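Everything on this sheet refers to the single structure shown next.
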Amino acid sequence: MLPCMPTAPKPPSSLEEPSVPAVESRNHGEAVSSTPPELETGYYVRNFEQVLDTVTARYGDLLTDSESAYAEDFGGLDERSKRLYVRLILRRGPCFRRDLLSYDEIDDLAMAAGELREAGFLDHGEEAGLEEGLAVLRRPELIELVISLGELTAAATRKLKRGELLEVLLRPQHQEETRRRLWAEYDIWRPLHGELLLLYRLLFFGNLGQDFSEFVISDLGIVRYESYPLSREHRLFQDRTEIDQAFELRVTRHQVYGLLEEGKLEDALALARVVSDQAEILRPVARRKADGILIRVARELERRGEHQQAVELYAQARRPPARERRCRALEQLGELRQALDLCQEMAASPLDETESGFVPFFEHRMKKKLGLTQKPWKRSRRPTLEMDIDPPQGSIERATLEALAERGRRGIFSENWLWRSLFGLAFWDVVFEPVPGVFHHPFQTGPWDLSRPEFRIRRRERIEQRLDRLREEPDLRPRLWPVYQAKVGIANALVPWHPELEAPLHFALERVSGPTLAIFCDRLSSHLRRYRRGLPDLLVESDDSPVGFELLEVKGPGDQLRPEQGAWIDFLNRHDIPTRILKVRWS
DNA sequence: ACTCTTCTAG
DNA sequence: TTCACACTATCTT
DNA sequence: GATAGTGTGTCTCTAGAAGAGTAA
Ligand SMILES: [Mn+2]
Ligand SMILES: [Mn+2]
């Protein structure tokens, strides 16, 4: 791990604006924003406070005293101290060297630090681990420190890398002296309560993948979010238990991944067992997270040949591929009967296409091994086309597209993005409809339930109506093009806006009819997470197709069809949208 | 002096 | 800070 | 052909500063 940069880059000296601003179309060339992006001084404090205030207002009754005090005490600081605290707590740290800190907009760092220390928002980091403290030093200073310990000569340290220098300093016999010298020679500052802020972030965003930079990139127009009314009366977390579970699960996941990285499977397993014990009582969203941890650890157990333990963890996880993996692990254990039973359970109610695709052959294999059948396994056949192609230069899909074009068949690389985009455009207003409880903060690219079956269920009427409309409209352009024009550039989980996608989108809009699109949207809207994968690679013109085009899933040598892909191919053919596998051979 | 990586700020 | 897809290696048939 | 493991790009921004590593 590399050190945090101990420096605080100066704000860029204001560059001279050219008197005649160059005409630059940023943001995908939508209307030129006339406002030169500029943020007021201390903008980051305002954003910070907005998060604290929102969370306090929405979750105040569920917060502990110390959690509430965090926001309240912060509010009591003066502006200077707030700025310093936010500057530091938002950086990687966790420790900083006083001599390398400098912010133009904070006039008196010492005074700010003094107040922060008094209010319990800053310390000298002596409690921090030595490793974290040492992270504030650059390589030359580490060398100096190593030499001062008398362990190595200057010459001997020359070639050592940063990590090796740290290793020397962290040796048990040197730790005490290293620690003493580090804190004697450097004034180290460490902002406190990062863990409380993490909780506030989780409550504000509902995840930890988003952070304060959302405010900035949004204010600057770098990312444009759709505007929708927030549901203030609906909380993402219903009670304290739910908050704790969500938070704990994220912490645990982080720990588990770290442990597995270090090869400490036993410790990871211990954590996984704790998760496993409480998996039953988790609500769906938390349950998914828990399942992810269980599956990850169980997978590692499988690799080590610990199939029995893997089976136990898989048994507590719901989401795919937990059952498939459990079947395979049971097979390894020789528990063929159990494997078959589980497999038939899956057959009765598959959770996704990996499950329904797995069931047939595995069931057959178990029956064969149990002596319940003799028949050989026959794979289901799908319409297939073969083609010889020259060079594998670039992607095989592109090469195939060119080869088809040479034969007078124009097409585009469509895969998942095209159909998701068309779905997103055709249902834009439905997606952003303010259904209660699905919009919690201003930086969402879609409603909270977009990927789940609830999306369809909760908007049943409107979705059915829209599908009916589509079924009446041969030409999609009058409906979708205006949406495209109006919304281009606005962040939407369904719609990527790369400029180079515009041409293929046009190509598709000229050829895909409303009734055809309705077939895709019907399926996608019913359970996006389940159906967003596996769509065929190419959309190609076709004269003898009832819909004017056909879809092709390109398969090179050594690439085989995945269950989700097979499921889409079968589905589309059932609905009279010609879809084939195109096997490519090198000529 | 060079490339590569990480981090920050807006 | 994931997820979907493809490629490669290895073993089995 | 089945399976596991790995690599790639990814609409969750991006220019620029500075450090690390390397080589001459
Ligand atoms: Mn593909
Ligand atoms: Mn393909």
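Letters A, B, ... mirror the listed sequences (proteins, then strands); counts begin at 1. On a predicted model such as this, the values are computed, not experimentally measured, just so you know. Reckoned from all heavy atoms, side chains included, excluding hydrogens, waters and symmetry mates.
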Let me know the distance between [atom1] of [X] and [atom2] of [N], rounded to the nearest Å.
X	N	atom1	atom2	result
Glu226(A)	dC11(D)	CD	C1'	16 Å
Asp104(A)	dA9(B)	CG	P	12 Å
Leu39(A)	dT14(D)	CG	C1'	15 Å
Arg381(A)	dG1(D)	CZ	P	9 Å
Ile490(A)	dC13(D)	CD1	P	17 Å
Leu142(A)	dA20(D)	CG	C1'	12 Å
Leu561(A)	dC5(C)	CG	C1'	12 Å
Glu105(A)	dG10(B)	CD	C1'	11 Å

Check whether any side-chain nitrogen or oxygen of [X] sits under 4.0 Å from OP1 or OP2 of [N], and answer yes or no.
X	N	answer
Arg138(A)	dG19(D)	yes
Arg87(A)	dG10(B)	yes
Tyr43(A)	dG10(B)	yes
Asn492(A)	dC11(D)	no
Lys159(A)	dT22(D)	no

Pairwise [atom1] distance for [N] and [M], with rounding to whole Å:
N	M	atom1	value
dT1(C)	dC11(D)	C1'	14 Å
dC7(B)	dA4(D)	C1'	36 Å
dC3(C)	dT14(D)	P	23 Å
dT5(B)	dT2(C)	C1'	22 Å
dT10(D)	dA6(C)	C1'	15 Å
dC2(B)	dG9(D)	P	28 Å

Quick one: which protein N/O atoms are closer than 3.5 Å to N/O atoms of nucleotides 1-3 of chain C? Pair and distance per line, please.
residue: dT1(C); atom: OP1; partner: Arg253(A); partner atom: NH2; Å: 2.7
residue: dT2(C); atom: OP1; partner: Arg253(A); partner atom: NH2; Å: 3.0

Practice task
Classify the angle between the aromatic ring planes of Phe571(A) and Trp568(A) as parallel (below 30°), tilted (30 to 60°) or perpendicular (above 60°).
Solution key: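 Perpendicular.
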Practice task
May I ask you to decide if the ring planes of Tyr225(A) and Phe443(A) are parallel, tilted or perpendicular, using 30° and 60° as cut-offs?
Solution key: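 Perpendicular, since the angle between the ring planes exceeds 60°.
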Each nucleotide N or O in nucleotides 7-9 of chain C that has a protein N or O under 3.5 Å away: list the pair and distance.
none

Closest heavy-atom contact between [X] and [Y]?
X	Y	value
Pro442(A)	Tyr228(A)	C-OH, 3.1 Å
Ile396(A)	Val554(A)	CG1-CG1, 4.1 Å
Leu88(A)	Leu101(A)	CD2-CD2, 3.9 Å

Problem - Candidate pair Tyr43(A) and Glu105(A), rule side-chain hydrogen bond (donor to acceptor under 3.5 Å, both in side chains), full reasoning - result: CA-CA 11 Å; Tyr43(A) 68 90; Glu105(A) 80 283 11; over 6 Å; no
Exercise for the section: Go through the structure and list residues passing side chain to side chain contact (heavy atoms under 4.5 Å, CB included) with Gln255(A), not counting sequence neighbours. Expected result: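 Partners of Gln255(A) by the side chain to side chain contact (heavy atoms under 4.5 Å, CB included) criterion, ordered by chain and then number, come out as Val251(A), Leu271(A).
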Exercise for the section: I would like to know whether Lys369(A) and Glu331(A) meet salt bridge (charged side-chain N to carboxylate O under 4.0 Å, His left out); could you show each step before the answer? Expected result: CA-CA 10 Å; Lys369(A) 284 193 173 184; Glu331(A) 183 187 20; 3.0 Å; yes
Exercise for the section: Could I get the full list of ring-ring contact (aromatic ring centres under 6.0 Å, His included) partners for Phe205(A), not counting sequence neighbours? Expected result: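 ring-ring contact (aromatic ring centres under 6.0 Å, His included) check on Phe205(A) returns His441(A).
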Practice task
Verify the distance criterion only: is there a donor paired with an acceptor across the side chains of Thr445(A) and Asn492(A) at less than 3.5 Å?
Solution key: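 No donor-acceptor contact under 3.5 Å links the two side chains.
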Handout entry: Exercise: do Gln50(A) and Asn47(A) side chains pair donor with acceptor under 3.5 Å
Key =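 There is no such pair between these side chains.
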Handout entry: Tyr257(A) six-ring face occupied by Arg296(A) cation (under 6.0 Å, within 45°)
Key =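 Judged by the rule, Arg296(A) and Tyr257(A) form a cation-pi pair.
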Exercise for the section: Decide whether a cation-pi geometry holds between Arg379(A) and Phe361(A); the criteria are a distance under 6.0 Å from NZ or CZ to the six-membered ring centre and an angle within 45° of the ring axis. Expected result: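 Because its charged atom misses either the 6.0 Å distance or the 45° angle limit, Arg379(A) does not stack over Phe361(A).
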Completion exercise
For DNA chain D, the expected dot-bracket line (Watson-Crick or G-U under 3.5 Å, [ ] crossing, | inter-strand) is |||||||||...||||||||||..
Side chain of [X], heavy atoms from C-beta onward: which of [options] has the nearest atom to it?
X	options	value
Arg139(A)	dC5(C), dG10(B), dG21(D)	dG21(D)
Glu214(A)	dT12(D), dT8(B), dC11(D)	dT12(D)
Leu220(A)	dG21(D), dC5(C), dG10(B)	dG10(B)

Practice task
Answer yes when Glu79(A) and Arg46(A) have at least one side-chain N-carboxylate O distance shorter than 4.0 Å, and no when they do not.
Solution key: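 Salt bridge present between Glu79(A) and Arg46(A).
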Exercise for the section: Pick base, sugar-phosphate or nothing for Glu40(A), based on heavy-atom distances below 4.0 Å to the nucleic acid. Expected result: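 Nothing, no heavy atom under 4.0 Å.
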Exercise for the section: Identify whether the glycosidic angle of dT12(D) places it syn (within 90° of 0) or anti. Expected result: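 Nucleotide dT12(D) adopts syn.
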Exercise for the section: Let me see the working for Arg452(A) and Leu528(A) under side-chain contact (heavy atoms from CB on, under 4.5 Å), right down to the final yes or no. Expected result: CA-CA 6 Å; Arg452(A) 289 180 283 120; Leu528(A) 187 63; over 6 Å; no
Could you write out each protein N or O paired with an N or O of nucleotides 2-4 of chain D at a distance under 3.5 Å?
residue: dA2(D); atom: OP2; partner: Arg379(A); partner atom: NH1; Å: 3.3
residue: dA2(D); atom: OP2; partner: Gln560(A); partner atom: OE1; Å: 3.3
residue: dT3(D); atom: OP1; partner: Arg328(A); partner atom: NH1; Å: 2.7
residue: dT3(D); atom: OP1; partner: Arg365(A); partner atom: NH1; Å: 2.7
residue: dT3(D); atom: OP1; partner: Arg365(A); partner atom: NH2; Å: 3.1
residue: dT3(D); atom: OP2; partner: Arg328(A); partner atom: NH2; Å: 3.4
residue: dT3(D); atom: O5'; partner: Arg328(A); partner atom: NH1; Å: 3.3
residue: dA4(D); atom: OP1; partner: Arg325(A); partner atom: NH1; Å: 3.4
residue: dA4(D); atom: OP1; partner: Arg325(A); partner atom: NH2; Å: 2.6
residue: dA4(D); atom: OP2; partner: Arg325(A); partner atom: NH1; Å: 3.0

